[in-house]
Amino acid sequence: MAERTEGERLTELAKRRGYYFGSSDAYGGVAGFYTYGPQGAALKSNVEDAWRDRFAVQEGNMEIDAPTIMPEPVFEASGHLDGFDDMLVECAECGESHRADHLIEDNSDLEDAETLSVEEAAERIADLGLVCPNCGADLAGQSVEDFNLMFETNIGPGSSTAGYLRPETAQGIFVEFPRIKEYARNRLPFGVTQVGRAYRNEISPRKSIVRTREFTQAELEQFVDPERDEPDLSSVEDVEVLLYPADEQQADDGDYVETTIGAAVEDGIVANAWVGYFLGVAQEWYERIGVDVDRFRFRQHLPGELAHYSSDCWDAESEVDGDWIEIAGFSYRSDYDLSKHAEHADEDFTVFRQYDEPKTVERAVVDPDMSVLGPEFGGAAGGVKQALETLAERDPDAFDADEVTVEVDGESYAVDTDVTNFAVEEQTESGEHVTPHVVEPSFGVDRTVYTLLAHAYEEDEVDDEERTYLSLAPAVAPRDVGVFPLVSNVDELVDLAEDIVDDLRTAGLSVFYDDSGSIGRRYRRQDEVGTPFCITVDRDGLEGDSETTVTIRERDSGRQVRVPVDALAAELESVRADDRTFADIAAEYEEVTNA
RNA sequence: GCACCGGUGGUCUAAUGGCAAGACUUUGGCCUUCCAAGCCAAUAAUCUGGGUUCGAUUCCCAGCCGGUGCACCA
């Protein structure tokens with residue numbers, strides 16, 4: 001037992017107890033896809049609900065639900081098409097993989113090797129006599145492989161419209177921004193969330209549900225005015241966090257920085273206040289759902305890891321089996337995403353921001369006489385008009401001369417200044433269009449679930465016997481409570497237990513009824529799936545004149561208290577909602593000491 | 001994708017070129033006791049395909065799945 005790693009024991013338990021298992025096993029299985037069993041589906045759904053509550057409801061944000069398939073142009077705009085279309089060539093000697101396009105570009109005057117087909121790239125490599133940069137072996141004859149991490153599909157019959165399964169949920173939000181901003185009444189800041197599946201055709205899925213080809217993300221896109229909006233840090237400034245900044249990672253004796261969100265933002269460790277705000281929110285949220293804070297940190301991206309548009313990015317990481325796994329990313333993305341879509345799509349991805357006072361500005365304008373330009377320039381007239389408008393904005397002085405010259409498609413056109421109707425007009429501007437900046441907290445739901453299970457996995461000894469239990473937080477545990485009659489051959493006990501099951505289910509709790517085998521066995525069963533409480537109906541609770549009582553047993557400690565039947569639903573709900581703890585309940589009622 | 005190792009009931013293991021064994025779990029029955037240990041019974045497995053062989057779960061090859069390392073993770 002001791003030799004098996006945490007991950008192996010977890011995988012075994014997950015399979016046996018219905019948390020998750022490899023999909024399509026009946027057909028040999030398929031790498032990178034997992035099915036959540038009854039417990040896992042409930043746990044995951046509880047995690048998603050908890051995330052929704054914190055990042056959508058409590059923040060006053062909007063949630064949308066976009067399709068998982070989107071047409072090709074979306075990913076042309078987002079950069080995923082190019083970004084994923086890497087050509088790799090592998091060295092036969094040392095096994096190292098290299099970007100084929102980069103190798104060719106570095107060793108020839110070709111600038112756009114990315115546009116080559118894989119066959120052409122392989123030919124170039126042979127022609128240029130390229131060798132492996134790692135070991136120097138000849139790369140000629142090695143096949144060049146196309147790497148597209150997006151799943152491609154066809155939309156509709158035939159194959160006219162190419163589509164892709166989204167590699168992240170975020171694009172669904174960015175693409176719909178022009179309409180969503182209307183729902184936000186064009187006022188920044190506002191946040192949009194989405195919880196859903198995303199797909200990446202990973203080369204090598206690993207580590208059970210940590211790296212899969214289909215996974216669930218919970219993402220928030222916070223749209224802010226970069227010049228005006230500041231987060232309200234007051235609610236998180238005292239939150240304590242363990243930071244691992246880039247410079248500490250690079251230092252020989254690099255160490256963590258234990259600080260508070262307020263101090264980290266003030267000291268500039270976390271450069272962006274919005275990022276800092278969400279780190280604080282996330283820290284508290286992770287704690288609440290049961291992440292072990294001693295095995296949790298925020299790690300800053302190293303300069304080399306940063307996407308070129310991102311000025312600061314932090315990952316939330318949890319420790320499992322000595323490895324740190326990324327469970328969320330907090331990225332300042334500037335206006336990159338919306339600007340990209342604005343370039344490619346025919347919609348307005350800006351928000352109109354009104355000035356405090358309308359401004360009067362002088363603006364140079366032209367109103368060319370097309371009845372002259374048309375006959376004179378023919379088909380180029382339209383282009384000339386546009387060029388004149390641009391010129392008036394950029395260089396109004398040019399219109400002081402009798403004649404202005406503009407270039408359209410390489411041709412020069414001279415226009416009589418009178419014909420342009422150049423004028424400097426006073427205009428009233430009430431505001432301006434701004435492209436919002438984006439702060440993106442992006443959570444991996446599956447990895448969060450994995451972390452919760454790994455951090456909840458406990459083994460201890462009760463009466464010299466080994467016990468395995470999942471110390472899951474009541475807020476996310478798949479089952480809220482188990483209900484047992486102490487023995488199954490006493491009708492009174494069974495009847496009352498069944499009544500309690502009905503009552504608790506009516507109250508919205510997830511209840512598991514069990515009357516088979518010894519009571520200890522039933523407790524163990526629930527311990528292993530992580531049910532936080534078990535209610536046992538015994539004779540003692542039915543005797544005497546006072547109200548009927550049953551015992552509630554707490555999973556981690558095994559402590560029991562005797563609680564009136566009428567109080568059960570309210571007590572259990574309050575614990576699930578984090579309003580009370582078992583200790584509060586224990587203090588209020590009589591503790592059972594036999595056992 | 002490469003390399004190495006592995007793949008037997010739900011789970012963990014055993015064994016075997018000739019009827020595949022055990023433990024735990026599960027289910028039914030008995031029992032009735034607050035922490036998996038009682039009794040009886042039942043269900044349930046050799047990853048897939050090809051080859052060698054009279055016969056393959058076993059040996060060989062390929063694939064699939066899993067673990068580890070490398071690479072990859074925009």
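Throughout, protein chains are lettered first and strands after them, A, B, ... in sequence-line order, and every chain is numbered starting at 1.
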**Q.** Watson-Crick or G-U wobble partner of A45(B), both distances under 3.5 Å
**A.** none

(Q) Quick check: closest heavy atoms across Ala170(A) and Glu219(A), and the distance to 0.1 Å? (A) N-OE1, 2.6 Å

(Q) The side chain of Lys15(A) is closest to which nucleotide in this list: U32(B), A74(B), U11(B)? (A) U11(B)

**Q.** Separation of atom CZ in Phe21(A) from atom P in G66(B), rounded to whole Å
**A.** 14 Å

**Q.** Watson-Crick/G-U partner (both atom distances under 3.5 Å) of C70(B)
**A.** G1(B)

**Q.** Span that lies between the C1' atom of A21(B) and that of U33(B), in whole angstrom
**A.** 34 Å

Q. For the pair made of CG in Leu13(A) and P in U11(B), what is the distance, rounded to whole Å?
A. 13 Å

Q.
Counting only side-chain nitrogens and oxygens, does Arg525(A) get under 4.0 Å of the OP1 or OP2 atom of U26(B)?
A. yes

Q: Grab the OH-P distance between Tyr469(A) and A36(B) for me, whole Å please.
A: 15 Å

Q) Are the charged groups of Lys15(A) and Asp25(A) less than 4.0 angstrom apart, N to O? A) no

Q | Donor/acceptor link under 3.5 angstrom from Tyr27(A) side chain onto base of C64(B) | A | no

Q: Could you please name the option among A37(B), A74(B), U11(B) that lies closest to any side-chain atom of Arg521(A)?
A: A37(B)

Q. Rounding to the closest angstrom, what is the interatomic distance between G18(B) and A23(B) at atom P?
A. 24 Å

Q: Select base, sugar-phosphate, or nothing to describe what Thr551(A) touches, counting heavy atoms under 4.0 Å on all strands.
A: base

(Q) Counting the atoms with a prime plus P, OP1 and OP2 as sugar-phosphate, which does Asp25(A) contact under 4.0 Å by heavy atoms, base, sugar-phosphate, or nothing? (A) nothing

(Q) Could you identify the nucleotide paired to C39(B), looking across every strand shown and requiring Watson-Crick or G-U wobble geometry with both distances under 3.5 Å? (A) G29(B)

Q: Once you apply the 3.5 Å cut-off to both distances, tell me the Watson-Crick or G-U wobble partner of U16(B), or none.
A: none

Q) Quantified in whole Å, what is the C1' atom distance between nucleotide G6(B) and nucleotide U13(B)? A) 14 Å

Q: Name the nucleic acid region contacted by Val30(A), choosing base, sugar-phosphate or nothing; use a 4.0 angstrom heavy-atom cut-off, strictly under.
A: sugar-phosphate

Q. Is there a Watson-Crick or G-U wobble partner for C24(B) with both distances under 3.5 Å, and which nucleotide is it?
A. G10(B)

Q: Give the nucleotide from the list U11(B), U32(B), C34(B) with an atom nearest to the side chain of Ser488(A).
A: U32(B)

Q. So, Arg479(A) and Gln526(A): side-chain donor and acceptor under 3.5 Å apart, yes or no?
A. yes

Q. Taking atom C1' of G66(B) as reference, at what distance in whole Å does atom CZ of Phe33(A) sit?
A. 16 Å

**Q.** Gap between atoms CZ and C1', on Arg9(A) and G67(B) respectively (whole Å)
**A.** 16 Å

Q. Touch check for Ser516(A), heavy atoms < 4.0 angstrom, all strands: base, sugar-phosphate only, or nothing?
A. nothing

Q. Heavy atoms under 4.0 Å, any strand shown: does Glu528(A) hit a base, just sugar-phosphate, or nothing?
A. base

Q.
I want to verify a distance call: between C35(B), A71(B), U11(B), whose nearest atom is closest to the Ser204(A) side chain?
A. A71(B)

Q: Can you tell me, in whole Å, how much space there is between the P of U58(B) and that of A41(B)?
A: 34 Å

Q | Nucleotide nearest Arg211(A) (side chain, heavy atoms from C-beta), chosen from C72(B), C34(B), C65(B) | A | C72(B)

Q | Whole angstrom value for the distance that separates C1' of C73(B) from NE2 of His80(A) | A | 12 Å

**Q.** Rounded P spacing from C5(B) to C61(B) in Å
**A.** 11 Å

**Q.** Nearest-nucleotide 5' precedence on RNA chain B, Arg524(A) against Arg16(A)
**A.** Arg16(A)

Q. Can you name the one residue among Asp515(A), Asp495(A), Ile519(A) that meets side chain to side chain contact (heavy atoms under 4.5 Å, CB included) with Pro485(A)?
A. Asp515(A)

Q | Same-atom distance (P) from C24(B) to A42(B), integer angstrom | A | 16 Å

Q | Face-on cation placement of Arg467(A) at Tyr469(A) ring, 6.0 Å and 45° thresholds | A | yes

Q. A14(B) and U32(B): how far apart are their C1' atoms, nearest whole angstrom?
A. 36 Å

Q.
Please report the distance, rounded to the nearest Å, between OH in Tyr523(A) and P in U33(B).
A. 15 Å

Q: Side chain of Glu12(A) only, please: which of U11(B), A37(B), C73(B) is the nearest?
A: U11(B)

Q.
Under 3.5 Å, is there a donor on one side chain and an acceptor on the other for Tyr523(A) and Thr536(A)?
A. yes

Q.
Is the shortest side-chain heavy-atom distance between Asp527(A) and Thr468(A) below 4.5 Å?
A. no

Q: Anything under 30° is parallel, anything over 60° is perpendicular, the rest tilted; go ahead and classify Phe177(A) against Phe349(A).
A: parallel

Q.
Among C73(B), A36(B), A74(B), which nucleotide has an atom closest to any side-chain atom of Glu202(A)?
A. C73(B)

Q: Identify the nucleotide, in any strand shown, that forms a Watson-Crick or G-U wobble pair with U58(B), with both distances under 3.5 Å; if there is none, say none.
A: none

Q.
Expressed as a whole number of angstroms, how long is the span from Asn201(A):CG to C72(B):P?
A. 18 Å

Q: Assign each of Tyr34(A) and Asp527(A) to its nearest nucleotide of RNA chain B by heavy atoms, then name whichever residue's nucleotide is nearer the 5' end.
A: Asp527(A)

Q | Minimum-distance nucleotide to Arg553(A) side chain [options: C35(B), C65(B), U11(B)] | A | C35(B)

(Q) Can you identify which nucleotide, out of U11(B), U33(B), A3(B), has its nearest atom closest to the Arg206(A) side chain? (A) A3(B)

Q | Gap separating the CH2 atom of Trp314(A) from the OH atom of Tyr244(A), nearest 0.5 angstrom | A | 11.0 Å

Q.
Checking base pairs now: Watson-Crick or wobble, both atom distances under 3.5 Å. What partners U53(B)?
A. none

(Q) Nearest to the Gln560(A) side chain among U33(B), U26(B), C34(B), which nucleotide is it? (A) C34(B)

(Q) Please give the distance between the C1' atoms of C65(B) and U8(B) as a whole number of Å. (A) 15 Å

